[in-house]
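Just so we're clear, the structure is a prediction, and the values are computed from it rather than from any experiment. Hydrogens, waters and symmetry mates are skipped; everything else that's a heavy atom, side chains included, is used.
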Amino acid sequence: MAQTSYQVDIDAQNAPEKPGKRSSRGGGSGYERIDQETEYDVCSTLLIALSYALVVLTFPVAIFFCLKIVKEYERAVIYRLGRLMGNKEFGPGMFFMLPCTDTCTVKDLRTMCINLPRQEILSKDSVSVAVDAVVYFKVEDPVASVNNVSDATGSTKLLAETTLRNVLGVHTLAEILGQRESLTRQTRHIVDEATHPWGIKVERVEIKDVLLPASMQRSMAAEAESAREARAKVIAAEGEQQASKALKEAADVINESPAALQLRYLQTLNTISAEKNSTIVFPIPIEMFKGFKSS
């Protein structure tokens with residue numbers, strides 16, 4: 001009977017690739033399956049023989065207890081007398097199990113989603129923020145997920161929470177708000193490397209929302225409003241400067257032709273009279289007062 005065991009491979013990156021070996025994606029935390037032909041002792045062999053005899057004696061009733069069916073998206077890990085059977089997972093489809101000596105654990109290979117609890121994080125610039133995130137992962141190696149960790153889903157959830165706090169805690173508030181994509185990629189990479197020996201593949205880590213304290217929101221709103229007012233004043237000043245340049249150019253043109261000034265007066269009177277005003281102001285040229293000034 002084939003027997004599978006797991007051992008830590010410290011030199012996973014330096015060692016040559018061998019059949020049956022799965023090297024770690026991060027190096028240093030890999031593992032490999034070692035196939036060993038194991039002979040059962042007399043007691044174990046007797047129990048297995050009695051199980052087969054029981055199946056034969058109770059046939060066809062026992063067939064309902066010996067056949068196991070797993071779906072297309074599931075895999076079964078079977079232990080016979082506490083030892084891994086076949087050095088592999090079974091499924092999909094139907095396979096045979098002994099009723100008294102075999103135990104079966106079924107793993108779902110579909111992508112699962114974990115909604116992480118709200119994390120209270122202190123940023124690098126000493127701002128307290130609350131972060132909501134979600135993690136998508138799936139079981140990549142059913143045998144490792146059963147042999148290497150007692151609760152793969154719960155362990156992945158706790159590791160993702162801790163990693164998210166550690167990654168966001170070394171960044172400022174502006175970086176957290178403006179670099180979500182790079183921070184989620186970094187978090188996913190760290191969690192994926194750590195969960196690889198558990199047979200878990202982390203597909204995505206997404207930050208849903210970043211909540212700020214009410215006082216911080218008011219401060220940021222006041223800062224943004226002040227910045228907008230400053231930009232508006234600068235734009236208005238630039239507009240006045242351009243208008244003054246245009247007026248100067250117009251005055252230079254009118255100064256070259258005295259008749260142009262009279263035409264401008266008449267145009268202004270026409271505009272005022274069109275609005276049905278009761279009061280009309282007649283502009284008087286300043287040249288008329290030059291005689292009074294000289295006398």
**Q.** Non-neighbouring partners of Gln186 that pass side chain to side chain donor-acceptor pair (under 3.5 Å), sequence neighbours left out
**A.** none
Q) Rounded to the nearest 0.5 Å, how far does CD1 of Ile114 lie from OG1 of Thr153? A) 6.0 Å
Q: Write down the atom of Leu211, the atom of Asp209, and the distance for their closest heavy-atom approach.
A: CD2-OD2, 3.0 Å
Q: Quick one: which residue pairs count as a side chain to side chain donor-acceptor pair (under 3.5 Å) with a foot in residues 168-185, not counting sequence neighbours?
A: Glu181-Arg185
**Q.** Distance-minimising heavy-atom pair for Pro197 and Ala194
**A.** CD-O, 3.4 Å
Q: To the nearest 0.5 angstrom, please state how far the CZ atom of Arg231 sits from the CD atom of Glu229.
A: 10.5 Å
Would you be so kind as to tabulate the donor-acceptor pairs closer than 3.5 Å made by side chains of residues 50-67, with sequence neighbours excluded?
from	atom 1	to	atom 2	distance (Å)
Ser51	OG	Leu47	O	2.9
Thr58	OG1	Leu54	O	2.6

All N/O donor-acceptor pairs, side-chain side in residues 238-249, below 3.5 Å, sequence neighbours left out:
from	atom 1	to	atom 2	distance (Å)
Ser244	OG	Glu240	O	3.3
Ser244	OG	Gln241	O	2.6
Lys248	NZ	Asp252	OD2	3.4

What pairs of donor and acceptor atoms, side-chain ones from residues 154-168 against any protein atom, are under 3.5 angstrom apart with sequence neighbours left out?
from	atom 1	to	atom 2	distance (Å)
Ser155	OG	Asp151	O	2.7
Thr156	OG1	Ala152	O	2.7
Thr162	OG1	Leu158	O	3.1
Thr163	OG1	Leu159	O	2.7
Arg165	NH1	Gln119	OE1	2.3
Asn166	ND2	Thr162	O	3.2

**Q.** Hydrophobic cluster partners of Leu122 (side-chain heavy atoms under 4.5 Å)
**A.** none
For a quick test of your reading: what N or O donor-acceptor pairs under 3.5 Å do the side chains of residues 93-113 make, sequence neighbours left out?
from	atom 1	to	atom 2	distance (Å)
Asp102	OD1	Arg80	NE	2.7
Asp102	OD2	Arg80	NE	3.4
Asp102	OD2	Arg80	NH2	2.8
Asp102	OD2	Leu98	N	2.9
Asp108	OD1	Arg110	N	2.9
Asp108	OD1	Arg110	NE	3.2
Asp108	OD2	Arg110	NE	3.2
Asp108	OD2	Arg110	NH2	2.8
Thr111	OG1	Glu203	OE1	3.2
Thr111	OG1	Glu203	OE2	3.4

Q. Can you list the residues that meet the salt bridge (charged side-chain N to carboxylate O under 4.0 Å, His left out) rule with Arg188, with sequence neighbours excluded?
A. Asp192
Side chains of residues 124-139: which donor-acceptor pairs under 3.5 Å do they make with residues two or more places apart or in other chains?
from	atom 1	to	atom 2	distance (Å)
Asp125	OD1	Ser123	OG	2.5
Asp125	OD1	Leu173	N	3.3
Asp125	OD2	Leu173	N	3.4
Asp132	OD1	Arg118	NE	3.1
Asp132	OD2	Arg118	NE	3.4
Asp132	OD2	Arg118	NH2	3.1

(Q) Tell me the closest heavy-atom pair linking Phe90 and Val70, and the distance in Å. (A) O-CG2, 4.1 Å
**Q.** Spatial distance of atom CG (Leu116) from atom CD (Glu206) [nearest 0.5 Å]
**A.** 11.5 Å
Q) What pairs with Lys71 under side chain to side chain contact (heavy atoms under 4.5 Å, CB included), at least two apart in sequence or on another chain? A) Tyr73, Glu74
